[in-house]
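What follows is a set of notes on a single structure, which appears directly below.
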Amino acid sequence: MTEPERRLLTPEEYRQAQDSPEFTELRRRFRRFAVPMTVAFLAWYLLYVLLSTYAVDLMNTHVFGDVNLGILLGLGQFVTTFAITQAYVAYSARNTDPIADEMRTRLEAHEYRSEGQR
């Protein structure tokens, strides 16, 4: 069985979708997660850089063996990155993916066409 031919979307259809209330809600939900997480991670990273620059003695504090606080905080940067990624995947699956999937279905069905294009 062959797939039906897909018609390309027009710029007007993309504009209609972008102006839709669904897209506005999608952007709002994305920003509600992305902005605070970005600010938090950048603050955490800046703290690490500042500590490694200005609090060298603190960062050289041995925790166990040859492992110091600086190494643990540096590894914490990687752990934080993976944790944020996992949190975003879960958040997206619950809050943004359903809207995006619905919009994609509507776009593929050309439901965002204006009346003059039908």
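Residue numbers start at 1 and run along the sequence shown.
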Have a look at E22 and tell me which of R106, R27, E102 forms a side-chain contact (heavy atoms from CB on, under 4.5 Å) with it.
R106
D66, CG atom: more than 12 neighbouring heavy atoms under 6.0 Å:
no
Scan side-chain atoms only and decide if D97 and S92 contain a donor-acceptor pair under the 3.5 Å cut-off.
yes
Compute whether any side-chain donor of one residue and acceptor of the other, for T10 and E12, lie under 3.5 angstrom apart.
no
When you measure from the side chain of R29 to the backbone of T96, do you find a donor-acceptor pair of N or O atoms at a distance under 3.5 Å?
no
In terms of hydrophobic clusters joined by side-chain contacts under 4.5 Å, are [X] and [Y] together?
X   : Y    : answer
I71 : F64  : yes
I99 : L107 : yes
I84 : V79  : no

What is the distance from atom [atom1] of [X] to atom [atom2] of [Y], rounded to the nearest 0.5 Å?
X   : Y   : atom1 : atom2 : result
D19 : Y14 : CG    : OH    : 14.5 Å
R32 : R28 : CZ    : CZ    : 4.5 Å
L42 : M37 : CG    : CE    : 12.5 Å
R31 : L26 : CZ    : CG    : 10.0 Å
T80 : L75 : OG1   : CG    : 10.5 Å

May I have the step-by-step check of side chain to side chain contact (heavy atoms under 4.5 Å, CB included) for N68 and M59, ending in yes or no?
CA-CA 7 Å; N68 61 27; M59 297 295 268; over 6 Å; no
Would you check, one step at a time, whether the test side chain to side chain contact (heavy atoms under 4.5 Å, CB included) holds for L69 with L73?
CA-CA 6 Å; L69 187 59; L73 291 177; 4.1 Å; yes
Test item: S20 and Q16 side chains (from C-beta on) under 4.5 Å apart, heavy atoms:
no
Parallel, tilted or perpendicular: which one describes the rings of Y88 and F30, with boundaries at 30° and 60°?
perpendicular
Using the six-membered ring wherever Trp is involved, compare the ring planes of Y45 and F41 and label them parallel, tilted or perpendicular (cut-offs 30° and 60°).
parallel
V67 vs H62, side chain to side chain contact (heavy atoms under 4.5 Å, CB included): CA-CA, chis, key distance, verdict:
CA-CA 6 Å; V67 178; H62 288 279; over 6 Å; no
Shortest non-hydrogen separation from E13 to Y112 and the atoms involved:
O-CB, 3.6 Å
Over all heavy atoms of both residues, which pair between L51 and L58 is shortest? Give the atoms and the distance, please.
CD2-CD2, 3.9 Å
